[in-house]
Amino acid sequence: TNNGSVVSLVVAAPHQLTLSGANTYSGNTIVNEGNLNLAVANALPGNLIINGYSNPQLLNSTAIIAVSNATSSTANVTINNAGSLYISNANTSDTVQSINFVNNGGNAISAPSDNNPEVMLDYAANQMLTVTGSINATNNSQFTTPTIQAGGGGSVNPILNLGGGTVTVNISGTAPVGLAITALGIQNGSMLKTGPGAMAIGGLNYSNTTFTSLEISQGAVIFSGSGSTTEVGMGSNTTTTVDLGGSVYLDNTTSGTEN
């Protein structure tokens, strides 16, 4: 608790800290090194900042959502460089207000894919992350890409839920692709793409992709994968609108049409 002043929690050791009780402190929770395991509902009452290293050869900083409703539904989650946020167990859902990536990491010598700044619904069935406000990515790395994805393997029905409203996706930075969303279903709301950067959408579970609309106001959306765009990108009931400042690209493995 705050005890009369703003209290923050800082994790700064190469080990795992588990929060097993509900908390009410009002400051930020900051992961500078190691793992933070959120093992109970209301474990994290405020905003979450995960500070990964810009050097991909060093260990990542990770926050793990192990139970439903571990964070505040008004939390803003910021992932800097090679930080990670995982939903780790089956039948787990969590709600946040925003996901914010700031990525300046990676180099030409060593930038393995597991050093992408990432939000991962990780290797279990029926996981859902709801974002009610915005997804923002500033990517200045030529070698790593902020990613929202399913882990593969045992991942079944992973869902990115838009909370029934319009989620703004703002992409900026110097990288060719500022954000990738892969191997998920997207449901319950609309998405507005803003900012000059590009967002890649690929490998989605189209039978679980039932959100209403995608409006591309600025920048580009790149559909990628095999098969038609309906299979790799959007659900059959999703309307895509491209405004004057927006554009759509299909990569060289994608064919077909979209609503």
Side-chain angles (χ1 to χ4, degrees), residues 8-12 14-19 23 28-54 56 58-103 105 113-124 126-139 141 144-152 155 158-163 167 169 178-184 186:
S8 296
L9 173 65
V10 179
V11 180
H15 306 291
Q16 178 165 293
L17 172 66
T18 297
L19 297 183
N23 293 288
N28 295 328
T29 301
I30 303 169
V31 184
N32 287 332
E33 189 176 11
N35 295 335
L36 175 65
N37 185 32
L38 306 176
V40 68
N42 303 311
L44 192 151
N47 297 327
L48 174 63
I49 301 171
I50 306 168
N51 290 320
Y53 290 107
S54 60
L58 299 176
L59 294 175
N60 294 342
S61 301
T62 302
I64 302 166
I65 296 173
V67 299
S68 293
N69 303 314
T71 73
S72 167
S73 62
T74 61
N76 298 297
V77 178
T78 299
I79 300 173
N80 293 314
N81 298 316
S84 300
L85 174 66
Y86 289 172
I87 296 180
S88 63
N89 292 327
N91 305 309
T92 299
S93 61
D94 201 75
T95 299
V96 298
Q97 181 167 295
S98 69
I99 300 288
N100 307 280
F101 294 100
V102 179
N103 184 38
S113 61
D114 60 357
N115 282 291
N116 287 326
E118 64 183 353
V119 173
M120 182 179 287
L121 283 67
D122 193 28
Y123 297 97
N126 302 318
Q127 297 172 327
M128 179 182 294
L129 176 66
T130 299
V131 180
T132 59
S134 63
I135 300 170
N136 306 290
T138 300
N139 187 20
S141 171
T144 58
T145 302
T147 303
I148 301 174
Q149 64 182 339
S155 294
I159 300 298
L160 174 63
N161 189 309
L162 304 178
V167 171
V169 182
L179 174 70
I181 300 177
T182 64
L184 299 165
I186 304 176

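Any value given below was found using the heavy atoms of this structure, including those in side chains, with hydrogens, waters and symmetry copies removed.
One N or O on the side chain of Gln127 and one on the backbone of Asn89 form a donor-acceptor pair closer than 3.5 Å. The backbone N or O of Thr145 sits less than 3.5 Å from a side-chain atom of Asn116, completing a donor-acceptor pair. Between the side chain of Asp94 and the main chain of Ala70, a donor-acceptor pair closer than 3.5 Å is present. Distance alone, capped at 3.5 Å, places no donor-acceptor pair between the Ser84 side chain and the Glu118 backbone. Proximity of a side-chain donor or acceptor of Asn23 to a complementary backbone N or O of Ala43 within less than 3.5 Å is detected.
Under the side chain to side chain contact (heavy atoms under 4.5 Å, CB included) test applied with Val96, the options Leu44, Leu48, Val131 reduce to a single match, Val131.
Not counting sequence neighbours, Asn35 has no partner by the side-chain hydrogen bond (donor to acceptor under 3.5 Å, both in side chains) test. Applying the side-chain hydrogen bond (donor to acceptor under 3.5 Å, both in side chains) criterion to Thr29, with sequence neighbours excluded, gives Tyr25. Looking at residues two or more places apart in sequence or on another chain, you find a side chain to side chain contact (heavy atoms under 4.5 Å, CB included) between Thr132 and Thr95, Gln97, Thr130. With sequence neighbours left out, the side-chain hydrogen bond (donor to acceptor under 3.5 Å, both in side chains) criterion links Asn69 to no other residue. Every side-chain hydrogen bond (donor to acceptor under 3.5 Å, both in side chains) that Asn51 has, sequence neighbours left out, goes to Asn32, Asn80. Shown here are the side chain to side chain contact (heavy atoms under 4.5 Å, CB included) partners of Asn47, two or more places apart in sequence or in another chain: Asn28, Asn76.
Annotation for Ala66 and Thr92: closest pair O-OG1, 4.0 Å, computed over non-hydrogen atoms. Here the shortest heavy-atom pairing between Pro45 and Ser72 reads O-CB, 3.2 Å.
Taking OG of Ser61 as the reference point, atom CG of Leu85 lies at 12.5 Å (rounded to 0.5 Å). The CD1 atom of Ile79 lies 9.5 Å from the OG1 atom of Thr62; values are rounded to the nearest 0.5 Å. If you take CG on Leu38 and OH on Tyr86, they are separated by 14.5 Å, rounding to the nearest 0.5 Å. Asn100 contributes atom CG, which lies 5.5 Å from atom OG of Ser134 (distance to the nearest 0.5 angstrom). Considering CZ of Phe101 and OG1 of Thr138, their distance stands at 11.0 Å, rounded to 0.5 Å. For the atom pair Leu184 CG and Met120 CE, the distance stands at 10.0 Å (nearest 0.5 Å).
Contact annotation: the side chain of Ser93 approaches that of Ser68 to within less than 4.5 Å [non-hydrogen atoms, C-beta and beyond]. Using a 4.5 Å heavy-atom threshold, the side chains of Val119 and Leu160 count as separate. Two residues are said to be in side-chain contact when any heavy atoms from C-beta on lie closer than 4.5 Å; Leu36 and Leu19 meet this criterion.
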Asn103 and Thr144: side-chain hydrogen bond (donor to acceptor under 3.5 Å, both in side chains), yes or no, with the steps?
CA-CA 8 Å; Asn103 184 38; Thr144 58; 3.0 Å; yes
